[in-house]
Enquirer: 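Okay, here's the structure, questions in a sec.
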Number of protein chains: 4
Amino acid sequence: MAKQLNIGIVGYKFMGRAHSNAWKKAPLFFDVPSQPVLKVACGRHQASLQEFAQKWGWEETETDWKKMIARPDIDIVDVALPQNLHYEVAMAAARAGKHIFCEKPLAMNSRQAEEMLRVCEENHVTHYLNHNYRRLPAVLLAKKMIETGKLGRLFHWRCAYQQDWIVDPNFPLTWQLRKETAQAGPQWDLNSHAVDLAHFLIGDIDTVSALTTNFVTERPLADESTSGNLTAETLGDQKGPVTVEDAALMLVQFQNGAVGSFEATRFATGKKNGLTFEIYGSKGSVKFDLERMNELQYYSLNDEAGEQGFRTIQATDPTHAYMQGWWPPGHIIGYEHTFVHAVVDFLWAIDGNKPIEPNFSDGLRILTVLEAGLESAATGQRVKLN
Amino acid sequence: MAKQLNIGIVGYKFMGRAHSNAWKKAPLFFDVPSQPVLKVACGRHQASLQEFAQKWGWEETETDWKKMIARPDIDIVDVALPQNLHYEVAMAAARAGKHIFCEKPLAMNSRQAEEMLRVCEENHVTHYLNHNYRRLPAVLLAKKMIETGKLGRLFHWRCAYQQDWIVDPNFPLTWQLRKETAQAGPQWDLNSHAVDLAHFLIGDIDTVSALTTNFVTERPLADESTSGNLTAETLGDQKGPVTVEDAALMLVQFQNGAVGSFEATRFATGKKNGLTFEIYGSKGSVKFDLERMNELQYYSLNDEAGEQGFRTIQATDPTHAYMQGWWPPGHIIGYEHTFVHAVVDFLWAIDGNKPIEPNFSDGLRILTVLEAGLESAATGQRVKLN
Amino acid sequence: MAKQLNIGIVGYKFMGRAHSNAWKKAPLFFDVPSQPVLKVACGRHQASLQEFAQKWGWEETETDWKKMIARPDIDIVDVALPQNLHYEVAMAAARAGKHIFCEKPLAMNSRQAEEMLRVCEENHVTHYLNHNYRRLPAVLLAKKMIETGKLGRLFHWRCAYQQDWIVDPNFPLTWQLRKETAQAGPQWDLNSHAVDLAHFLIGDIDTVSALTTNFVTERPLADESTSGNLTAETLGDQKGPVTVEDAALMLVQFQNGAVGSFEATRFATGKKNGLTFEIYGSKGSVKFDLERMNELQYYSLNDEAGEQGFRTIQATDPTHAYMQGWWPPGHIIGYEHTFVHAVVDFLWAIDGNKPIEPNFSDGLRILTVLEAGLESAATGQRVKLN
Amino acid sequence: MAKQLNIGIVGYKFMGRAHSNAWKKAPLFFDVPSQPVLKVACGRHQASLQEFAQKWGWEETETDWKKMIARPDIDIVDVALPQNLHYEVAMAAARAGKHIFCEKPLAMNSRQAEEMLRVCEENHVTHYLNHNYRRLPAVLLAKKMIETGKLGRLFHWRCAYQQDWIVDPNFPLTWQLRKETAQAGPQWDLNSHAVDLAHFLIGDIDTVSALTTNFVTERPLADESTSGNLTAETLGDQKGPVTVEDAALMLVQFQNGAVGSFEATRFATGKKNGLTFEIYGSKGSVKFDLERMNELQYYSLNDEAGEQGFRTIQATDPTHAYMQGWWPPGHIIGYEHTFVHAVVDFLWAIDGNKPIEPNFSDGLRILTVLEAGLESAATGQRVKLN
């Protein structure tokens, strides 16, 4: 592993930590073709940036991301920022010929996404969009079952992504709740993951009917100067309007004839990070729940009559994707491991000069669906894609 | 219990059995104000009718339901027929001043339902529509929690009613798959139950967006002469078109601001009679699964921080509705018990000259929603009710 | 079904109701060779006996069980009494040539059981011992899997029967808590069921090591004059000693080389009627939980590598034992249905003059194990049977 | 974090990896008082040792562990070896004044354990025994509930540790299956964890009754030269005797009056690393399952009547032990995280010159119980401790 790739990361909060951990951990548990070097960490607040860099072993810090991108020794730009900043940074990185490891959702709209994709392609850089749940062993098992025909013809996709972090009406108006920074609410944040999984597992979407709503229309203003995460302090008595939806529901027709439903919300009391999907096919079915992410439920019509049932597969065997890198069967992995898997595949993609999925093309497809959903919610009409 | 009420039942198949059992069992396990007498069983095929009547203890048989309704000694008409026959029988029964215990779905359309309701009211008969799942102890516990404010303001209703009995494309074209006898597919059969529960637990619906689809468009013709149930023999090689939908999905806005989703299908491989719902509110949430009908999942924000979680309540305590009539805690009840509960309440309603719910008024509300769903599915537009 | 069999029941409380229901229901849902007639109900308190008989349709009442047994028109004696009364009633019934349907546990000790068995055999009467859980479709599915070799060689039996009805130290000293009426606590009441299932599913037991304990040693005296069930009123401040164990645990070696564990308790807070067992074999495993009695968990090493997992089989298909008599797949049955299954098989056994299982021979085997358990608990030594 | 502590590790296989990961990760996610330095990795096979050291960043390698212990710059000796090598290495380390981080089970017998403890105490070194499951947030939540009286008086401990990795009779005779290297089978490997949890959660054990058995008595000889894990190649047709038990079951009385059961096996087909326990108390109960290690089931008698049930707490909130170091609520952790928690506490213990639990004293207590279990299994008699 003589080769090295220098990484410059922009952003050092929740995703900054998760990405840093993944860059460090990937070579310890997996064979990788080159050693990722944590070269430069980039952020606006020098003090907290410094602390972050020292803890995680980033060699240098930089408060001007443009300068960082301009450095010839940087091979990879890791975009660990809110979505309103993706476009500018990714465009610059692509133009500078850097490979891009980008957080989701890809951008503020499909026009940005189109451009980002085009510029990446023109500059022949490897672009990765971090819809990390694709790389869960249990999800990849579902994918394999579909590809090998175990589920037969697909009929139904039923998916919910449910959280509850803003049920309290006094939760402050953080950046995720304002259109200028977030573009949309759970439609962007959660349904982007859900649509990515649907694209991955079922296929392209043909029509969308949607519904969005707001349960709480104004909230206390937030002090986000020190927050790196979902929570923030309020700024006292002042309130401001919530300008993104609180919940987004969609019904879709897939091009292959399957039908699907999506339900994304931040108001599902009791659900912390509850992403569930069910797929029903002519030969079998699967169910998945992110809160038990090491498990896949599988029903097979091939089982003998009278002995059929949903079986709980623990996707922790060496036969399951990535699990040979970790521990013996029955020793579960957690949330952060998906990032490690992504880093491993990203390094191999760069090395082989081959694309990795999901990438900006997938991101564009996703945003197109999400925008159609918002349009349908606004007009009350089913929207046909393409 | 000196009083007696004479029952005449029309129909003697799946629902004929379930109703007969309920009439017999209600007085054994519950206090009832009058003794139901299994007087006349009515059906077209004398031989099988005879067998049914003898087994279940119906005193007489009759092949002409009009004659039966004309009898002055009949107090209650039990309509245990497919939906295409409800209108005519119920209208005649109401006009003859009989109380009506009617299977669901109420009718072929909302016009029929309106008339049926009007005639019942004009004739001051007690009318009951058998959406039996309302009378499950676990469902009634959810209802009580909502009414006592335990869930707070309601945000989400998420419901699926999933079966798989026609996944096989060679399953024959039974009456449930033809518009002239069934009017619609799972939208009628399954979503009628689901919408009834939504009305009961959440409230009135304001708008509907829907999607329907067909996975199998033609099927072998069926010989239903001997079948009393979901299954039937095929009539050889001949096929006919399926004229109702195979799956029906809806998104709704409730008048109280909650949003909801419905998914009804006969193509969910592995689901036999899988009715699930989730309700999320500002103070708590509940989840229900008909395949584990004695249980309710409940999450409460009143529980201490760090100790919150969905708890599985076994609704088998004496505190739970109807359970004092049955067995000690932990001894579960099954499908047929809901029919017994309905009979008990029906007898008390007649005795007290008070309405029982759900009734034809509820049935009308349900059909109005279901029709709006079919309209939305056809036009691609959100439909506003009222 | 011209033939009739006249039943005389002794006892009219919890089990009196459950048995009456079963006698009435069996011919409605199943083919039976003869019609059971609810002839005479027998009990000590004329008033409540009368009420019981009228409700359930017992034609006559009798306060002296010896007189009832002496009647030549009685074919079957149903012993629905506490265990301290089984011996005397069953002995008299057998000597009078009556078939016997007897509640569990069989008797106060194995000597009684031996005699009861002998006298039944001498008098050629059909004797049935109501360990009803054997007749659950899910349990019978496990049995079938074992018999057809699906589990391979059996290694482990792991079983718990957990209730919590006497956790409160002020729960009164009912008959179940006194040695003179109950002989033992959960070792008799609960482990009799558990050992019956172990005999049925695994085979004969070779050695027993056991442990019993008491958590509450004295309790308020009980007024049981009006109680028909587990609960009773206390008689004020007076207390008396609990003379049976509160919990009984056993480790066993089976003759076939499997090992097993049993845990029976009335102090498992949160468990109402929680009987669970797990069986592990060389080719597969099963798990069962009475609180979800329609389900069997099954793990098969025959499933493809990477796709193995415990599957939840809903034992509600027509392929499952007894389910053709009830409802379509997915429509669950409850506690009382097992009694109906027992009645059906009992009627066929009488008709065919063939034994039914479990019978008094099984009861004797069970009591022998339970006594060995009590002996081992007292001495601290492993006890070898035979 | 100016302070540094130099670590020397002995062993570089499964546990070598898990420990190395923990030493590296602890300072990234938690505040620690000193920086662990991966100084020397020690092992017998230079080539694989070298590879291990390079991958994980151990600065130096050493094939003679005595030399490593003799180095004055080593502060901590990490014993990541099979149990037959713990005694010698730990004794030497303690005598050299090194702090010890030791894998479980502690030793081959209680005599070794006693000596190890004594020498550690005489040399004032910090000694830690890695029963890592104590440091799961869900387990610590159970502990807190017990300590704050939420479960009331404890009645029952019911525990099973079930694996299935040697069900195949052709699985070779690895070191874990031979007495000279392993001392015992699941009694040592699995029940050591289970007894540690019982000590932690319930308290000291007073008596033990046990049962052990062998299902497969001889196996193909193993080639373990290259294996670092549970699996190994066979050496062809030759077989040798299995000299440890395949399953070990125990019943115990605790000093506080609770009773308990343990079941440890490598023959539970379908269970990979299935450690479950249930605790029943007078006010509430908890259940835990290692395969869903982020969850604790909790039943409280304080919940309102009719609303009680086992609730599934996701122990991923910031209120749960260690979770503030990781991710937002609902983002689960996995197996390896427990090792990180142990390292964090170990570093603080050294820094504060305070003991950490579990330590060699706990290890001695555990081995005393396990030996009593083997004695009881051999003699058939209950064994009283102390």
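A quick note: this is a predicted structure, and the numbers were derived from the prediction, not measured. A, B, ... follow the sequence lines: proteins, then strands. Residue 1 opens every chain.
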Enquirer: Got B:Arg266 and B:Val244 here, is their nearest side-chain heavy-atom distance under 4.5 Å?
Expert: yes
Enquirer: Of the backbone (N, CA, C, O) and the side chain (C-beta and beyond), which part of B:Val252 lies under 4.5 Å from a heavy atom of chain A, both, or neither?
Expert: backbone
Enquirer: Is there a donor-acceptor pair under 3.5 Å between the side chain of A:Arg219 and the backbone N or O of A:Leu177?
Expert: no
Enquirer: Does a side-chain N-to-carboxylate-O contact under 4.0 Å join B:Lys272 and B:Asp164?
Expert: yes
Enquirer: How close do B:Phe262 and B:Ala198 get, heavy atom to heavy atom, and via which atoms?
Expert: CZ-CB, 3.6 Å
Enquirer: Under 4.5 Å, counting heavy-atom pairs only, tell me which of A:Gln253, A:Arg153, A:Met250 racks up the most with chain B.
Expert: A:Arg153
Enquirer: When only pairs under 4.5 Å are counted, which of B:Thr265, B:Asp246, B:Asp168 shares the most heavy-atom pairs with chain A?
Expert: B:Thr265
Enquirer: Which of residues 139-149 of chain B get closer than 4.5 angstrom to chain A, counting heavy atoms alone?
Expert: none
Enquirer: How long is the straight-line distance from CG of A:Leu201 back to CG of A:Leu154, given to the nearest 0.5 Å?
Expert: 9.0 Å
Enquirer: Please look at A:Ala210 and chain B and tell me whether the side chain, the backbone, both or neither of the residue comes under 4.5 angstrom of a heavy atom of that chain.
Expert: backbone
Enquirer: Is a donor on one side and an acceptor on the other found under 3.5 Å between the side chain of A:Thr269 and the backbone of B:Lys283?
Expert: no
Enquirer: Would a distance-only check, ignoring hydrogens and angles, find a side-chain to backbone donor-acceptor pair under 3.5 Å from A:Glu371 to A:Ser110?
Expert: yes
Enquirer: Please determine, among A:Arg382, A:Lys271, A:Gln162, the option with the most heavy-atom pairs under 4.5 Å with chain B.
Expert: A:Arg382
Enquirer: Is chain A contacted by the side chain of B:Ser300, its backbone, both, or neither, given a heavy-atom distance below 4.5 Å?
Expert: neither
Enquirer: Shortest non-hydrogen contact from B:His156 to A:Ala247?
Expert: CE1-CB, 3.6 Å
Enquirer: Which region of B:Glu263, side chain (C-beta onward) or backbone (N, CA, C, O), has a non-hydrogen atom less than 4.5 Å from a non-hydrogen atom of chain A, or is it both or neither?
Expert: side chain
Enquirer: Report the relative orientation of the aromatic rings in B:Tyr133 and B:Tyr161; use parallel for angles under 30°, tilted for 30 to 60°, perpendicular for over 60°.
Expert: tilted
Enquirer: When heavy-atom pairs shorter than 4.5 Å are enumerated against chain A, which of B:Ala268, B:Ser209, B:Ser285 gives the highest number?
Expert: B:Ala268
Enquirer: Quick one: of A:Leu151, A:Leu211, A:Val259, A:Asn214, who has the most non-hydrogen atom pairs under 4.5 Å with chain B?
Expert: A:Leu211
Enquirer: Does the separation of the ring centres of B:Tyr280 and B:Phe155 fall below 6.0 angstrom?
Expert: no
Enquirer: In terms of heavy-atom proximity below 4.5 Å to chain A, should B:Phe215 be classed as side chain, backbone, both, or neither?
Expert: both
Enquirer: Heavy-atom pairs under 4.5 Å with chain B are the metric here; pick the option from A:Lys384, A:Arg158, A:Gln308 that has the most.
Expert: A:Arg158
Enquirer: When the ring planes of A:Trp165 and A:Phe171 are compared, do they come out parallel, tilted or perpendicular, using 30° and 60° as the limits?
Expert: perpendicular
